[in-house]
Protein chains: 2
Amino acid sequence: MSDHDEILVALRRITRAIDLQSKRLVKATGLTAPQLVVIDTLRKRGDMSPSAIARAVSLSQATITSILDRLVQAGLVERVKSDTDKRVVMAKLTPKGVEASDNSPELLQAGFLRSFRTLQPWEQNMLIASLQRIAELMDAEELDAAPFLEPGELHP
Amino acid sequence: MSDHDEILVALRRITRAIDLQSKRLVKATGLTAPQLVVIDTLRKRGDMSPSAIARAVSLSQATITSILDRLVQAGLVERVKSDTDKRVVMAKLTPKGVEASDNSPELLQAGFLRSFRTLQPWEQNMLIASLQRIAELMDAEELDAAPFLEPGELHP
DNA sequence: GCATTTTGCTATGAGGTCAAAGCTTTGATG
DNA sequence: CATCAAAGCTTTGACCTCATAGCAAAATGC
């Protein structure tokens with residue numbers, strides 16, 4: 001298998017594990033991983049606009065809108081229109097939302113974290129650094145990738 | 001930020017980059033990343049059943065069914081009932097499917113691969129090994145994670 | 001041989017995710 | 001001011017993803 005394929009398969013295994021964990025969280029807490037990420041972010045940083053949340057958690061604004069819809073539905077978040085700029089909506093945790101955040105389990109599988117923490121510190125650091133390195137290489141790509149696929153760009 | 005959060009954020013950045021790349025592929029080829037993965041797998045390994053594809057690419061059987069639906073729709077794949085075991089359906093590339101596979105671009109961003117390949121070989125290997133290590137730690141979790149949430153299992 | 005279980009696939013329903021289009025408000029330009 | 005552009009959010013539509021439930025066929029048990 002090529003490097004390319006090995007990377008792809010490893011990433012797929014990881015994203016699948018995360019997805020399955022998210023489904024598991026739903027049963028345990030009624031909330032999915034993205035929903036928990038959002039309320040945890042609000043808990044830590046206070047009221048935020050959808051666009052600010054999107055930047056903080058690396059999701060699109062549209063995705064945050066749909067996640068907020070469900071959190072509002074569940075009574076964990078309120079939308080409050082800003083007075084200074086009427087375009088802006090602030091997402092605000094309700095008391096119930098605060099409680100949910102305080103009681104939320106960690107988002108990575110307990111077993112994964114347990115195993116991870118038994119590794120040598122240097123190994124833990126190396127794994128985290130590797131993930132961040134890969135994220136960087138991919139993020140960097142975002143900045144100038146789009147033009148490569150514009151019509152006419154392939155054979156200028 | 002805790003290790004836990006750093007891992008989460010890095011993973012989110014990576015999955016987002018992959019997702020955006022998939023959207024970009026749609027515009028260039030009309031096919032999404034999962035669809036390309038499936039036809040590439042069929043191209044390399046020949047006709048396969050949905051369950052075999054699911055195992056090969058780390059997706060659920062249900063997901064493969066829906067991806068095959070769209071590939072059939074697009075005329076790239078045929079479903080052929082097995083003679084020996086009538087439960088089994090074989091996914092088979094059509095000539096058009098073979099052609100699409102042969103012309104398909106790589107699934108990771110070109111710029112990512114370019115950058116990646118400029119790294120020292122030991123560094124490339126380390127990154128791949130790290131990804132696989134993390135995938136292992138998470139996969140391992142899958143095997144016995146479910147029971148942890150079964151009713152009655154928490155306090156046996 | 002027949003009943004039960006297992007295996008393989010598909011259908012259903014719910015979230016997640018994004019781009020693009022649409023709406024409102026703000027800001028800049030003349 | 002009046003106009004036009006930009007910014008912020010939501011809507012729409014498409015696909016991915018899974019669990020669960022359903023259906024059919026094969027394998028196992030008695």
Side-chain angles (χ1 to χ4, degrees), chain A residues 12-27 29-38 48-55 57-74 79-91 107 142 146 149, chain B residues 11-38 48-55 57-74 79-91 107 142 146 149:
Chain A
R12 183 86 268 290
R13 284 168 64 194
I14 293 171
T15 56
R16 179 178 168 83
I18 292 171
D19 197 68
L20 293 176
Q21 166 69 355
S22 179
K23 300 276 159 76
R24 212 175 290 135
L25 286 172
V26 175
K27 298 198 170 171
T29 70
L31 298 172
T32 64
Q35 291 170 6
L36 286 170
V37 169
V38 168
M48 290 173 79
S49 69
S51 54
I53 299 173
R55 279 190 299 273
V57 304
S58 282
L59 286 170
S60 75
Q61 210 169 346
T63 301
I64 297 299
T65 293
S66 78
I67 292 173
L68 287 179
D69 285 347
R70 292 186 190 85
L71 291 174
V72 169
Q73 179 83 23
R79 284 196 241 240
V80 184
K81 279 212 159 162
S82 164
D83 280 337
T84 60
D85 184 337
K86 286 183 207 148
R87 291 171 302 183
V88 175
V89 172
M90 285 305 217
L107 290 167
E142 289 316 316
L149 293 173
Chain B
L11 291 174
R12 183 86 267 290
R13 285 168 64 195
I14 293 171
T15 55
R16 179 178 168 82
I18 292 171
D19 197 65
L20 292 177
Q21 165 69 356
S22 178
K23 299 276 158 77
R24 214 175 288 134
L25 286 172
V26 175
K27 297 198 170 173
T29 70
L31 298 172
T32 64
Q35 290 169 7
L36 286 170
V37 168
V38 168
M48 291 172 80
S49 69
S51 54
I53 299 173
R55 279 190 298 273
V57 303
S58 282
L59 287 170
S60 75
Q61 210 168 347
T63 301
I64 297 298
T65 292
S66 78
I67 292 173
L68 287 178
D69 285 347
R70 292 185 192 87
L71 291 174
V72 168
Q73 180 82 23
R79 284 196 240 240
V80 184
K81 280 212 159 163
S82 164
D83 281 336
T84 60
D85 183 339
K86 285 183 208 150
R87 290 170 304 183
V88 175
V89 173
M90 285 305 216
L107 290 167
E142 290 315 316
L149 294 172

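Throughout, a chain's letter reflects where its sequence line sits, starting with A, and its residues are numbered from 1. Just so we're clear, the structure is a prediction, and the values are computed from it rather than from any experiment.
Using a 4.5 Å heavy-atom threshold, the side chains of Arg70(A) and Leu31(A) count as separate.
Residue Ile18(B) holds its CD1 atom at 6.5 Å from OG1 of Thr15(A), rounded to the nearest 0.5 Å. Between atom CG of residue Leu36(A) and atom CD1 of residue Ile67(A) there is a gap of 10.5 Å, rounded to the nearest 0.5 Å. Taking CZ from Arg16(B) and CG from Leu20(B), the interatomic distance works out to 5.0 Å, rounded to the nearest 0.5 Å. Distance check: Thr63(A) OG1 to Leu68(A) CG gives 10.5 Å after rounding to the nearest 0.5 Å. Arg12(A) contributes atom CZ, which lies 7.5 Å from atom CG of Asp19(A) (distance to the nearest 0.5 angstrom). Taken to the nearest 0.5 Å, the CG atom of Leu11(B) stands 11.0 Å off from the OG atom of Ser58(A).
Atom-to-atom, CD of Gln35(B) to C1' of dT17(D) comes out at 13 Å; the value is rounded to the nearest Å. When rounded to the nearest whole Å, the span between NZ of Lys23(B) and P of dC15(D) equals 11 Å. Whole-Å rounding puts the Asp69(B) CG to dA14(D) C1' distance at 14 Å. For Lys27(B) and dC15(D), the NZ to C1' distance is 15 Å, given to the nearest whole Å. Computed from coordinates, the Leu68(B) CG to dC16(D) P distance equals 11 Å when rounded to whole Å.
Proximity of a side-chain donor or acceptor of Ser22(A) to a complementary backbone N or O of Ala33(A) within less than 3.5 Å is detected. The backbone N or O of Val26(A) lies less than 3.5 Å from no partner atom in the side chain of Thr29(A), so there is not a single donor-acceptor pair.
Looking at residues 59-67 of chain B, you'll see Gln61(B), Ala62(B), Thr65(B) sit with a heavy atom under 4.0 Å from some atom of DNA chain C.
Protein chain B touches strand DNA chain C; the 5'-most and 3'-most nucleotides with an atom under 4.0 angstrom of its non-hydrogen atoms are dT7(C) to dA20(C).
Electrostatic pairing of Arg79(B) and Asp69(B) counts as a salt bridge here, judged by a charged N lying under 4.0 Å from a carboxylate O.
Between Met90(A) and Arg12(A), the residue whose closest nucleotide on DNA chain D is further toward the 5' end is Met90(A). Residues Arg79(A) and Asp19(A) each lie close to DNA chain D; by heavy-atom proximity, the contact nearer the 5' end of the strand is made by Arg79(A).
Judged by distance alone, the side chains of Gln21(A) and Arg24(A) do bring a donor and an acceptor atom under 3.5 Å apart.
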Measure all distances between protein nitrogen or oxygen atoms and nitrogen or oxygen atoms of nucleotides 21-26 of chain D, and list the pairs falling under 3.5 Å.
{"from": "dA26(D)", "atom 1": "OP1", "to": "Lys86(B)", "atom 2": "N", "distance (Å)": "3.0"}

